[in-house]
Number of protein chains: 2
Amino acid sequence: MEFIEAKNKYIQTWGALGSQWGINKTMAQIHALLMISTEPMSIEEIMDELQISRGNASMNIRALIDWGIVFKESKSGERKEFFTAEKDLDKLAITIAKERSKREIKPALRILQEVSNIEINNSKNQKQFKEQTEKLYDFVLKTDNIIEKMTQYKENWLSKLIVKIIK
Amino acid sequence: MEFIEAKNKYIQTWGALGSQWGINKTMAQIHALLMISTEPMSIEEIMDELQISRGNASMNIRALIDWGIVFKESKSGERKEFFTAEKDLDKLAITIAKERSKREIKPALRILQEVSNIEINNSKNQKQFKEQTEKLYDFVLKTDNIIEKMTQYKENWLSKLIVKIIK
DNA sequence: TTAAAGTTTCAGAAATAATTGAAACTTTAT
DNA sequence: ATAAAGTTTCAATTATTTCTGAAACTTTAA
């Protein structure tokens, strides 16, 4: 396989995986591209490599910066802005996990708590509802707590986790 | 809050969370509905509760069955088919994790391995490509291994995991 | 101050994904 | 054997998400 072919395959794969997990394709592809770039890239270079429009590139770069996994960089002497990606995968995963917790899990938790706290009569249906939503709340809360704990390790948490699980 | 209102809110929330994580909204909603149902439900009841078409209900129920988190049930005396959901959240999470590993992570791994194994010249770019895709492969593989390990606990793995992480 | 270069925004277009509904198919009971 | 009831399928429609590209805005340097 050619380098170019491998590179394209890698970017496509990462983009597809992104969409399957709720991250938009272009966003994932831009990140993938920056991950394997040795130098910070300009918006033009990104547009060119991925064959996407300026608007699309700009919006998704901004989103990646909001997520905290891509950084602006100013090359001295150049007026243009350049971008680099977080390349440390442990850090990357933690940042994504934290953000998704904040944006998606925490709001869902709030609602689960709210609905599981309703006053019920003693009908079978309402009892079951309360019981299941309480369980769901507990479960999601535990999951979120795990994410929080992971976050504290920072260095090599994945390897540490494996060791802990195995023993 | 009314029971009906709480129920709708719960179903909407679960559906939204589903879409954010790559599971289609209706699929997540049907599962949410079955989770709080005390009795197996027929396709008509599901259509009626969620206000969706027969085709949509049927396709998504079938998908849930394929995933292994909803089961067909035949009530004795009734010809119609009824459906129940896996209500144990530990089992549910494990089943979903296993399926997603099989459907999405494993194929991605194959490609990462493939592209990280290309012959490279000694240009900076190609070296960086190989290095990063190898790291990515290792990382995704480790993640997948964790999922596999989890799977083996079955009972109360989430609680067990928390204990292990904390100490 | 101004105009060229660089950057961002956003309404409309395009692509993708989900849903409908009616037709085809299957099962059951007579 | 047949027709009513139940179930599944899938082409066409609808909804949602993403992307484009041109216009507006900002920065820089002469």
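So you know, we letter chains A, B, ... as the sequences are listed, proteins then strands, and number each from 1. The figures here come from the full heavy-atom set of this structure, side chains too, leaving out hydrogens, waters and symmetry mates.
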Specify the separation, in whole Å, of atom [atom1] of [X] and atom [atom2] of [N].
| X | N | atom1 | atom2 | answer |
| --- | --- | --- | --- | --- |
| B:Glu44 | D:dT8 | CD | P | 11 Å |
| B:Ile46 | C:dT20 | CD1 | P | 14 Å |
| A:Lys25 | C:dA15 | NZ | P | 11 Å |
| B:Ile52 | D:dT14 | CD1 | P | 18 Å |
| B:Arg62 | C:dT19 | CZ | C1' | 14 Å |
| A:Glu81 | D:dT27 | CD | C1' | 11 Å |
| A:Ile43 | C:dA5 | CD1 | P | 18 Å |
| A:Asn60 | D:dG21 | CG | P | 16 Å |

message = At less than 4.0 Å, is any side-chain N or O atom of B:Arg54 found next to OP1 or OP2 of D:dG6? Yes or no.
response =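 Answer no for this pair, as no side-chain N or O of B:Arg54 is under 4.0 Å from OP1 or OP2.
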key: Phosphate OP1/OP2 of D:dT9 contacted by B:Ser58 side-chain N/O (<4.0 Å)   =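 Checking D:dT9 against B:Ser58, no side-chain N or O comes under 4.0 Å of OP1 or OP2.
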inquiry  = Closest-nucleotide mapping onto DNA chain C: is A:Phe82 or A:Ser19 further toward the 5' terminus? I mean the 5' end.
reply    =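 That would be A:Phe82.
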query = Does a sphere of radius 6.0 Å around CD in A:Gln152 hold more than 12 heavy atoms from other residues, nucleotides or ligands, not counting ones at 6.0 Å or beyond?
reply =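 Yes, the 6.0 Å shell around CD holds more than 12 heavy atoms from other groups.
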ask   = Is the number of heavy atoms from other residues, nucleotides or ligands within 6.0 Å of NZ (B:Lys102) greater than 12?
value =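 Result for NZ/B:Lys102: open.
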request  = For B:Thr84 and B:Glu73, run side-chain hydrogen bond (donor to acceptor under 3.5 Å, both in side chains): C-alpha distance rounded to whole Å, both residues' side-chain angles, the deciding distance at 0.1 Å, then the answer.
outcome  = CA-CA 7 Å; B:Thr84 32; B:Glu73 207 158 303; 2.9 Å; yes
Side chain of [X] (C-beta onward), nearest among [options]:
| X | options | result |
| --- | --- | --- |
| A:Asn24 | D:dC19, C:dT19, D:dT8 | D:dC19 |
| B:Asn56 | D:dT8, D:dT20, C:dT19 | C:dT19 |
| A:Ser53 | D:dC19, C:dA18, C:dG21 | D:dC19 |
| B:Lys80 | C:dG6, C:dT9, D:dG6 | D:dG6 |

task = Give the C-alpha distance, both sets of side-chain angles, the deciding distance and a yes or no for side-chain contact (heavy atoms from CB on, under 4.5 Å) between B:Glu45 and B:Glu49.
result = CA-CA 6 Å; B:Glu45 290 171 309; B:Glu49 279 272 5; 5.5 Å; no
Carboxylate-amine/guanidinium proximity below 4.0 Å for A:Glu81 and A:Arg62 =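 Between A:Arg62 and A:Glu81 there is no salt bridge, as every charged N stays at least 4.0 Å from the carboxylate O atoms.
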